[in-house]
Amino acid sequence: MTTSSQKLQTLDAVLDGLMSRYRERVPDVLGIIDALIDENVIQKPDDIENDHIAFRTMGVPSLGIQSFEKIFLHYGYEKREPYDFKEKKLNAYWYSPPKPHYPRIFVSELRVRDLSDQAQHIIYQYTDSVVFDPVDSLDLDDAQAVDRFLHQPLWPMPTLDDYLTLLKESEYAAWVIYNRYYLNHFTISVHNLKPGYNTIQEFTDFLEKRGFKLNDSGGKIKISPDGGLLQASTVAQMLDAEFANGQTHRIAGSYVEFAERRILPEFQHLPPDQIRREHRRDGFEAGNADKIFESTFTSQTGK
């Protein structure tokens with residue numbers, strides 16, 4: 001019988017594996033951390049609170065949200081509100097963590113059946129190689145096994161032609177078919193940084209002064225209708241990617257996101273040193289997320 005403390009130790013190891021590879025793949029992560037250390041905002045990377053980690057999946061049999069969520073539900077995450085991104089043809093859910101210091105999880109999946117016949121055919125010719133839900137055969141208490149799974153390709157490398165065909169119809173589809181792994185980005189909670197950096201406006205000013213390029217879809221700062229959740233992100237950097245036929249092409253990597261969760265009206269009387277996560281705006285906002293997705297889209301990376 002696995003105890004909840006053992007599950008949390010496994011979760012720690014799984015998150016460490018995700019973040020170490022993410023730092024390797026996304027140069028902006030270390031760039032931003034170095035800039036924050038340089039300005040004495042933090043002393044070390046662990047001083048950053050990770051607001052949430054987002055994952056992209058394919059909505060196909062044996063995969064997608066229903067498969068992926070089993071991992072984090074096993075570690076004590078709880079499934080929360082659904083989201084529908086009509087234009088991008090995506091479903092999504094967010095998951096609240098077992099303890100407040102863990103990141104929220106946001107998982108989206110492409111509604112493959114909503115795409116054209118041609119796009120569906122391309123996707124299925126890759127994903128049909130996954131016959132059974134791979135999570136069902138995973139020992140979720142084995143951190144190394146889960147870590148390996150989260151970083152192994154689940155279907156063959158696509159050809160450049162297939163990638164470019166998908167890119168025209170769904171940039172999300174193209175991104176997922178190439179990357180074939182789940183982690184998309186992590187998010188710095190700016191409200192927990194020191195004054196001068198702890199609002200999204202101050203933080204984005206600092207980033208731009210340091211030369212980081214921000215996603216300006218829907219404005220550089222995306223604000224929820226209630227004004228409680230403010231988000232921004234860098235533009236994904238372009239990487240040289242190799243395809244199945246040996247051809248190479250520059251494609252979008254990943255990005256870093258930033259969130260400011262404002263104190264809820266009923267807790268604004270509390271002194272700053274008493275403010276905890278539960279006193280701030282929780283959850284997500286479809287309108288904000290819709291624009292953040294575009295951090296990997298050519299409308300942003302092509303600028």
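- Geometric assessment of R261 against the ring of F284 yields a positive cation-pi assignment under the 6.0 Å and 45° thresholds.
- Under a 4.0 Å N-O distance rule, the pair D290/K222 does not qualify as a salt bridge.
- Remark: D147 engages R21 in a salt bridge, criterion side-chain N to carboxylate O under 4.0 Å.
- No hydrogens or angles considered: a donor-acceptor pair under 3.5 Å links the side chains of D133 and S67.
- Here the closest heavy-atom approach between residue I65 and residue E109 is recorded as N-OE1, 2.8 Å.
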Side chain to side chain contact (heavy atoms under 4.5 Å, CB included) between L166 and Y178: does it pass, once the steps are laid out? CA-CA 10 Å; L166 285 180; Y178 181 80; over 6 Å; no
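- Using a cutoff of 4.0 Å between basic side-chain nitrogens and carboxylate oxygens, D84 and R111 are scored as salt-bridged.
- Between E39 and Y197, the side chains place a donor N or O and an acceptor N or O closer than 3.5 Å (distance only, hydrogens not considered).
- In summary, the side chains of E69 and Y93 do not present any donor paired with an acceptor at a separation below 3.5 Å, with no hydrogens or angles considered.
- Checking N50 against Y102 by side-chain atom types alone, no donor-acceptor pair falls below 3.5 Å.
- Side-chain contact between F297 and S217: absent, with no pair of heavy atoms (C-beta onward) separated by less than 4.5 Å.
- Using a cutoff of 4.0 Å between basic side-chain nitrogens and carboxylate oxygens, D282 and R80 are not scored as salt-bridged.
- Side-chain atoms of E294 never come within 3.5 Å of backbone atoms of S299 as a donor-acceptor pair (strictly under, hydrogens ignored).
- In Q125, the CD atom is crowded: over 12 heavy atoms of neighbouring residues, nucleotides or ligands sit closer than 6.0 Å.
- Between R104 and D51 there is a salt bridge, since at least one side-chain N of the basic residue sits less than 4.0 Å from a carboxylate O of the acidic one.
- Partner Y77 forms a ring-ring contact (aromatic ring centres under 6.0 Å, His included) with one of W94, F72, F68, F106 and no other, that one being F72.
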